[in-house]
Amino acid sequence: MMLPASLSPTRNAGRGHATVRALSAALLMLAAATVAQAQQSSALPPAGRLLASNCFQCHGTNGKGPGFEQINGKSTDEIYKDLKEMQAGKEGQGLMTKHAMGYSDAQLRAISQWLATQR
């Protein structure tokens, strides 16, 4: 009995290897893309750093500005409490009150966390 050409063992012998190679190549590309994405994610600066960059004119780039209160190195809770008081208008209607009003609670927390790490 003769097998049809499509079922012939000699005709399909290379297909198994080609499928394995194609699958291996696809998995390798997926792994490379995942690694590249992870490297990009780790290259982003902390969120608080970008938000705190608005503070540099008065407080310096790391919270150590001349002539204004140095806020670097204070605890996260202390900085956050001060910002929330300013946001609530407890410090009057000065510039810091207006700045603090422009941020959400999460953003104020991120700014506080970043500035607390600066020495």
| task | Could you check if a side-chain atom of Leu115 sits within less than 4.5 angstrom of a side-chain atom of His59, using non-hydrogen atoms only? | result | no
| task | Calculate, to the nearest 0.5 Å, the distance between atoms CD and CG belonging to Glu91 and Asp82 respectively. | result | 7.5 Å
| note | Note: Leu51 and Ala110 closest approach over all heavy atoms is CD1-CB, 4.1 Å
| task | Considering non-hydrogen atoms only, spot the tightest contact between Pro45 and Arg49 and give its length. | result | CB-NH1, 3.9 Å
| Taking side chain as C-beta onward, heavy atoms only, is Leu83 less than 4.5 Å from Arg109? | no
| Are side-chain heavy atoms of Leu50 and Trp114 found at a separation under 4.5 Å? | no
| request: For the residue pair Asp105 and Gln87, establish whether any side-chain heavy-atom pair is separated by less than 4.5 Å. | output: yes
| Of the non-hydrogen atoms in Ala116 and Thr76, which two are nearest, and what is the gap between them? | CB-OG1, 3.4 Å
| request: List the atom of Ala52, the atom of Ile111, and the distance in Å for their closest heavy-atom pair. | output: N-CG1, 4.1 Å
| remark: d(His99 NE2, Leu108 CG) to nearest 0.5 Å is 12.5 Å
| query | Are the side chains of Gln93 and Lys98 in touch, meaning some heavy atoms are under 4.5 Å apart? | reply | yes
| request: Would you give the length of the straight line joining atom CE of Met86 to atom NZ of Lys81, rounded to the nearest 0.5 angstrom? | output: 9.5 Å
| query | Backbone N or O of Gly89 within a donor-acceptor pair of the Thr97 side chain at under 3.5 Å? | reply | no
| note | Heavy atoms of Asn54 and Tyr103 approach each other most closely as ND2-OH, 2.9 Å
